[in-house]
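Residue numbers begin at 1 in each chain, while the letters A, B, ... track the order of the sequences.
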Amino acid sequence: MRLPQQFYNQPTLKVAQQLLGKFLVHKIGKKTIISLITETEAYVGPKDKASHASRGKTPRTEIMFGQPGFWYIYLIYGMYYCLNVVTEKNDYPAAVLIRAVKLQPENNKLKTDGPGKLCRALKIDKKLNGQPAFGKTSLWIEDNGLKIKPSQIKKAPRIGVDYAKEYKDKLWRFYLNN
DNA sequence: AGATTGATCCAT
DNA sequence: TGGATCAATCTG
């Protein structure tokens, strides 16, 4: 079952943890690429200095201020795309960054253990920016019925946000321990 | 630890 | 219009 828009209209920290163990599915023509989400990060609200939204609404970041359940995809360091999904209510900027996935089946050679790498492997680019993650769409998240116990979720500081002052040490990165 | 790479943002 | 910045990756 595809996750409905309402799923994303919840506290971001909750969404980030609940996305672990779900399937990220990208349908390209006849091909369907299925992967299991293993690592996420939460970017929460206008005061989170690690978030693009902390400097206010701009043409790039306005998608984060919009409705929940839409993809926010941006180019970083000139070479890599990062995949985020917008959370919480309209006008509250927040999103979950999907940092790592495992391809299904696992015998696939492609590496997907980083936000840039997974976008490359799943052929995700800016064309999907601003597209919905629910309903009839080519990229979505699927509830596969897997139950993740709280003890399987590890928490850690987010990557690459040393500049974020009082927000840099928040344990807003979540990953599965196997 | 350094190089890479280019869109974005903000200050001139 | 220009320069600093950047939620990353690869190479050695």
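For the pair A/Lys49 NZ and C/dT5 C1', the interatomic distance rounds to 17 Å; values are reported in whole Å. Taking atom CG on A/Asn129 and atom C1' on B/dT8, their separation rounds to 13 Å, with Å as the unit. To the nearest angstrom, P of C/dA8 lies 5 Å from OH of A/Tyr77. In this structure, A/Tyr81 atom OH and B/dT5 atom C1' are separated by 12 Å, rounded to whole Å. Atom CZ in A/Arg99 sits about 11 Å away from atom P in C/dA7, given to the nearest Å. Between A/Leu118 atom CG and C/dA8 atom C1' the separation is 12 Å, expressed in whole Å. Atom pair A/Met64:CE and C/dA7:C1' shows a separation of 10 Å (rounding to whole Å applied). Atom CG of A/Leu75 and atom P of B/dC9 are 12 Å apart (whole Å).
The side chain of A/Pro115 lies closest to C/dA8 when the candidates are B/dT4, C/dC10, C/dA8. The side chain of A/Thr61 lies closest to B/dC9, out of B/dT4, B/dC9, C/dA7.
Linking Ile, Leu, Val, Met, Phe, Trp and Tyr residues whenever their side-chain heavy atoms come within less than 4.5 Å leaves A/Leu36 and A/Val101 in two separate clusters.
Of the side-chain N and O atoms in A/Arg120, one or more sit less than 4.0 angstrom from OP1 or OP2 of C/dC10. Distances shorter than 4.0 Å separate none of the side-chain N or O atoms of A/Lys111 from OP1 or OP2 on C/dC10. For A/Lys57 and B/dT8, the shortest distance from a side-chain N or O to OP1 or OP2 is not below 4.0 Å. A close approach under 4.0 Å does not occur between any side-chain nitrogen or oxygen of A/Arg55 and OP1 or OP2 of B/dT8. OP1 or OP2 of B/dC9 lies within a sub-4.0 Å distance of a side-chain N or O belonging to A/Arg60.
Between the base of B/dA7 and the side chain of A/Tyr74 there is no donor-acceptor pair shorter than 3.5 Å.
With a 6.0 Å cutoff to the six-membered ring centre and a 45° limit on the axis angle, A/Arg158 counts as a cation-pi contact of A/Tyr43.
Aromatic ring centroids of A/Phe65 and A/Tyr92 lie 6.0 Å or more apart.
When both pairing distances are held under 3.5 Å, B/dC9 makes a Watson-Crick or G-U pair with C/dG3.
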>> Show, in sequence, the C-alpha distance, side-chain angles and deciding distance for A/Leu103 and A/Leu122, and conclude whether the side-chain contact (heavy atoms from CB on, under 4.5 Å) test is met.
In response: CA-CA 9 Å; A/Leu103 284 169; A/Leu122 300 195; 3.6 Å; yes

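If you check every strand for non-hydrogen atoms under 4.0 Å, A/Lys126 touches sugar and phosphate atoms only. At the heavy-atom level, A/Ile159 lies under 4.0 Å from the strands shown only through sugar-phosphate atoms. In this structure, A/Arg158 reaches neither bases nor backbone, as no heavy-atom distance under 4.0 Å exists between it and the strands shown.
In terms of position along DNA chain B, the nucleotide closest to A/Tyr80 lies nearer the 5' end than the nucleotide closest to the other residue of the pair A/Tyr80 and A/Pro59.
Side chains of A/Trp172 and A/Leu97 form no contact here, defined as non-hydrogen atoms less than 4.5 Å apart.
Around NZ of A/Lys27, the count of heavy atoms belonging to other residues, nucleotides or ligands within 6.0 Å does not exceed 12.
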